[in-house]
Amino acid sequence: MTSPDRVSRQPAAAPPSPAADVDQPIDADGLYALRATLAAHASRHGAPAEQVHHLVIVASELAINAIRHGGGAGRLRMWHDETLFYCQVTDQGPGMTDPSVGTTPPDPTNPDGGRGIWIVRNLTSDLRIGPGPDGRGTTVTAAIPRKGSVDGH
Amino acid sequence: MTEAVVPGMVDAGDHACLTFTDTEERFDLVAAFVRDGLRAGLKVVCWTDGAGADAMLAQLSTRTVRTGPAVYRGQLTVAPFDRSFGDRGASAMVEALGHEVESARREGFPGVRVTADMGWATGPHAAAEELITFEAKVATLFNDGRLCLICQYDRDRFDAVTLAFAANAHPKTVAAQVYHEHPLLRICRQYSPPGIRVAGQLDYRHRSVLAQALAESRRLDRHMHLNLTGLDYIDGACAGLVVATAARLPASRRMTVTCRPAVATVLTLSGADAAPRLRVLPAHDQP
């Protein structure tokens, strides 16, 4: 397992995202439904099981991060292009100040948290962490490669 | 009044009922019943429904019951139950049980454990009244304290009225100890091999109940078995707790996790490979 090399604090709106597949608020009670929705969308776009798992794992960790450390709620958007699934989570929390968060492997003997962003980094080809749209909170945008995808819409 | 008990608490003279919807739970409870009976030197008889004998033997082996030697020395019998029982009525099953008690005595066993899939009573000719007659008549067989019987009822195959009667007819009902019960998450104890079983979706919101179940397994079981076969999702917070529990085991102990690929991915990224006493097995290797 290698730690991803790209760590940026640039504004996260990089990929154009006109038509989101999923755009919904995040809260703790909605996590089951969120996972089911993301899995259904990814499957509908021809993603094989492994990619669906990766998308669900990434989106869940980001959503949970927003709920636990980003003010208790947020918004999740998911869209795709020919090569990538994108998952973007915005929250109104204090903001992620450490751009190197999750770049070192977790200590296996530590039972307490701190694994979320490491997990996300290992399942994504690009991860951008930046401030929210109005300068407050955090926006995290993750890209998951669509290898083996059978359709391109 | 029916007393709820865990598998280790059924003993000679007991007549217990096991109602199940989850086959993992059913096979686990049956495996523990068989294993404990064999260990105690009792004769053990497993009556399966239809052609389920081979499947039952495979399930018992998977769950670390050493069936081969026990069958060879005549201590364990796993056989399909005669479907025509439904026609011949409840008295035939009572007779068959009486015969097992008698032959176990002749063969020098101190007692006999029987577990029967009561599915025969759902056949086209079987009437629920037959079942009710059976459960009432069988009571006399327990008088000399040599028989221990667990009747298995599939909740999906019996109507609510019959199930309610069955539950009342048995002095005891066998069930797993449950730590958390919800349509989206179930955490319970597993008995053979010993550990815990988790099904559904598991995230940080239920981390404390997972911690409680893991702590109990760590206390009771030399080698911990986590059956996550039915788990669809685990988050990093809970996976990290599983990995840390294994990583902190002393060198003589082990944790074995059985899970599907999505869960294995999160466990690996949470440091599973760096925990030498943790083994992660793919669920499809198990029947």
Side-chain angles (χ1 to χ4, degrees), chain A residues 1-4 26-40 42-43 47-69 72 101-124 144, chain B residues 182-186 199-208 210-215 218 231-251 255 257 259-280 282-284:
Chain A
M1 207 91 21
T2 57
S3 57
I26 299 165
D27 61 51
D29 292 335
L31 283 170
Y32 298 117
L34 182 73
R35 290 194 275 267
T37 303
L38 290 168
S43 298
E50 187 184 36
Q51 260 169 277
V52 176
H53 295 155
H54 289 183
L55 178 70
V56 168
I57 292 166
V58 166
S60 290
E61 289 297 336
L62 293 178
I64 287 169
N65 216 51
I67 293 163
R68 298 182 79 187
H69 311 294
V101 60
T103 52
T104 51
D107 170 7
T109 63
N110 176 10
D112 300 316
R115 286 167 168 84
I117 301 298
W118 166 263
I119 290 169
V120 167
R121 285 190 190 280
N122 276 277
L123 298 177
T124 51
I144 296 151
Chain B
H182 184 269
L184 291 166
L185 176 66
R186 187 164 195 271
Q201 301 198 13
L202 180 60
D203 63 32
Y204 71 98
R205 289 170 293 171
H206 297 102
R207 190 181 175 283
S208 63
L210 176 69
Q212 182 202 343
L214 285 170
R218 190 183 197 285
L231 191 64
D232 299 317
Y233 173 81
I234 189 169
D235 73 349
C238 290
L241 178 61
V242 169
V243 170
T245 304
R248 291 169 161 208
L249 285 175
M255 179 192 286
V257 178
C259 63
R260 288 184 279 133
V263 170
T265 299
V266 182
L267 284 170
T268 302
L269 292 173
S270 299
D273 294 344
R277 287 177 277 291
L278 175 59
R279 217 158 41 118
V280 179
H284 53 75

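Sequence lines set the chain letters: A, B, ... in the order given, protein chains first and strands last, and positions in each chain run from 1. Values in this document were obtained by computation on a predicted structure and should not be read as measured data.
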Can you find a heavy atom in the side chain of A:P108 that is under 4.5 Å from one in the side chain of B:R248? no

Where on B:D232 is there a heavy atom nearer than 4.5 Å to chain A: the side chain, the backbone, both, or neither? neither

Let me confirm one number: the OG1-CG distance from B:T268 to A:N122, rounded to the nearest 0.5 Å. 10.5 Å

Under 4.5 Å from any heavy atom of chain B - which part of A:D112: both

Between the CZ atom in B:R260 and the NE2 atom in A:H53, the distance rounded to the nearest 0.5 Å is 7.5 Å

Which is it for A:R35 and B:D203 under the salt bridge (Lys or Arg N to Asp or Glu O under 4.0 Å) test, yes or no, and what are the steps along the way? CA-CA 12 Å; A:R35 290 194 275 267; B:D203 63 32; 3.2 Å; yes

Hey, which residues of residues 54-63 of chain A are touching chain B, say heavy atoms under 4.5 Å apart? A:H54, A:V56, A:I57, A:S60, A:E61

Does B:R218 have more than 12 heavy atoms from other residues, nucleotides or ligands lying within 6.0 Å of its CZ? yes

Do the side chain of A:R115 and the main chain of B:A237 share a donor and acceptor less than 3.5 angstrom apart? no

Worked check of side-chain contact (heavy atoms from CB on, under 4.5 Å) between A:I119 and B:D235: CA-CA 10 Å; A:I119 290 169; B:D235 73 349; over 6 Å; no

The interface call for B:T265 against chain A, heavy-atom contacts under 4.5 Å, is side chain

Against chain A, work out which of B:G271, B:A247, B:C238, B:A211 has the most heavy-atom pairs shorter than 4.5 Å and name it. B:A247

Tell me, out of A:G116, A:A49, A:A28, A:P106, who's got the most heavy-atom pairs with chain B below 4.5 Å. A:A28

Apply side-chain contact (heavy atoms from CB on, under 4.5 Å) to residues A:L31 and B:Q201 and explain how you reach the verdict. CA-CA 10 Å; A:L31 283 170; B:Q201 301 198 13; over 6 Å; no

Tell me if a side-chain donor or acceptor on A:W118 pairs with a main-chain N or O of B:L269 at a distance below 3.5 Å. yes

